[in-house]
There are 2 protein chains.
Amino acid sequence: MALLTGTSTELDRLRTAGLRPTRQRVALARLLLGPGAHPRPRHVTAEALHIEAARAGIKVSLATIYNTLHQFTGAGFLREVVVDSGPSYFDTNLGEHHHLYFEDTGELRDVDAANVRVTGLPAAPRGTEVARVDVVVRLRHRKG
Amino acid sequence: MALLTGTSTELDRLRTAGLRPTRQRVALARLLLGPGAHPRPRHVTAEALHIEAARAGIKVSLATIYNTLHQFTGAGFLREVVVDSGPSYFDTNLGEHHHLYFEDTGELRDVDAANVRVTGLPAAPRGTEVARVDVVVRLRHRKG
DNA sequence: CAATAGTTTAGAACTACTCTAAATAGGAAC
DNA sequence: GTTCCTATTTAGAGTAGTTCTAAACTATTG
């Protein structure tokens, strides 16, 4: 009874994405994508997720954390965000959005793209298409 | 005579910025910022600059390349751009501008900000100010 | 030109990942 | 269930990009 409690939403999502629902993947999917897991949207680093998983009693190596984060990104469950050197963030917010980046703390906050309009950008050059337009508002502690 | 040829513009810029005009810094300033050095704007990585300097007969260690790039950035001679994991780019374009990023090749191209308008962004939260708004258009090879 | 403080350097160290090859574990077939 | 096969996981080595350290060097001041 204990093993199969809870919805198997995550299990189904994994299977649909062609990912075998292993213990590690299911557990990480619950942590990141499960209902009421953490307040979302979240911006998690591999290192942070590794620690969080360990605290939750999930035994998973760092290599698997990286593999899984990339597989989830490929499957469209997450979005990778790089704003500066240092670790990548994986964002659970899949909607169109941009970011507020606090340079002093490294904190990343979402900005719904619904209200934001970017005009005057050039057309995509021949042979290319726009994958995404990222807007990052870099904030620093007000001086003075 | 040979040692002091050329304008000493770079030398003065360094001094004004409080940077002692050492052989290495002057040589790198000429490569990056000097008139007619390379077509500009440029997006150079530390590694690429190290190789370029070596080819130009400038003996400079990689550590100094990194130090100098950061000092130049601090002095406002360069701007650091991070678009994905991998090396940082240092941009000689100091005007307001955004970037086209070719995901397949890693190429970075400037977009003059004069024509671009970004509206609907939230105000900077209390105690912070906007350091910069970066727009990155991510391009990929058109599929299909 | 000597003193001194800022610079440079080689090489070690470090961070954030990725790879490798062996062990493990889903899941289909019986 | 048991067997088999392949996907997955893992520890640990390896790598890229960058920073640190402590000693050697050099631009400037007196």
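The phosphate of C/dC17 (OP1 or OP2) has no side-chain N or O of A/H70 nearer than 4.0 angstrom. Checking the phosphate oxygens (OP1, OP2) of D/dG17, no side-chain nitrogen or oxygen of B/S85 falls inside 4.0 Å.
Between B/R140 and B/E103 there is no salt bridge, since no side-chain N of the basic residue sits under 4.0 Å from a carboxylate O of the acidic one.
Scanning for ring-ring contact (aromatic ring centres under 6.0 Å, His included) contacts around B/H97 gives B/H99, with sequence neighbours left out. Among residues two or more places apart in sequence or in another chain, the ring-ring contact (aromatic ring centres under 6.0 Å, His included) test is passed with B/F102 by none.
In this structure, CG on B/L31 lies 4.0 Å from CD1 on B/I58, to the nearest 0.5 angstrom. Taking NE2 of A/H43 as the reference point, atom CD of A/E107 lies at 9.0 Å (rounded to 0.5 Å). Note that CZ of B/F90 and OG1 of B/T68 are 10.5 Å apart. Values are rounded to the nearest 0.5 Å.
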Scan nucleotides 7-11 of chain D against the protein and return all N/O pairs shorter than 3.5 Å with their distances rounded to 0.1 Å.
{"unit_1": "D/dA7", "atom_1": "O4'", "unit_2": "A/R20", "atom_2": "NH2", "d": "3.2"}
{"unit_1": "D/dT8", "atom_1": "OP1", "unit_2": "A/R20", "atom_2": "N", "d": "3.4"}
{"unit_1": "D/dT8", "atom_1": "OP1", "unit_2": "A/R25", "atom_2": "NH2", "d": "2.4"}
{"unit_1": "D/dT8", "atom_1": "O5'", "unit_2": "A/R25", "atom_2": "NH2", "d": "3.3"}
{"unit_1": "D/dT9", "atom_1": "OP1", "unit_2": "A/T22", "atom_2": "OG1", "d": "2.5"}
{"unit_1": "D/dT9", "atom_1": "O3'", "unit_2": "A/Q24", "atom_2": "NE2", "d": "2.7"}
{"unit_1": "D/dT10", "atom_1": "OP1", "unit_2": "A/Q24", "atom_2": "NE2", "d": "3.3"}
{"unit_1": "D/dT10", "atom_1": "OP1", "unit_2": "A/K59", "atom_2": "O", "d": "3.2"}
{"unit_1": "D/dT10", "atom_1": "OP2", "unit_2": "A/S61", "atom_2": "N", "d": "2.9"}
{"unit_1": "D/dT10", "atom_1": "OP2", "unit_2": "A/S61", "atom_2": "OG", "d": "3.3"}
{"unit_1": "D/dT10", "atom_1": "OP2", "unit_2": "A/T64", "atom_2": "OG1", "d": "2.7"}

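One interatomic measurement links the two molecules: CG of B/D12 to C1' of D/dA27, which rounds to 16 Å at whole-angstrom precision. The separation between B/I58 atom CD1 and C/dT8 atom C1' is 15 Å, rounded to whole Å.
When the nearest nucleotides of DNA chain D are assigned to B/Y66 and B/R15 by heavy-atom distance, the more 5′-ward of the two goes with B/Y66.
Among the atoms of the strands shown, none is found under 4.0 Å from any heavy atom of A/H50.
Among the nucleotides C/dC17, D/dG17, C/dT18, the one closest to any side-chain atom of B/P87 is D/dG17.
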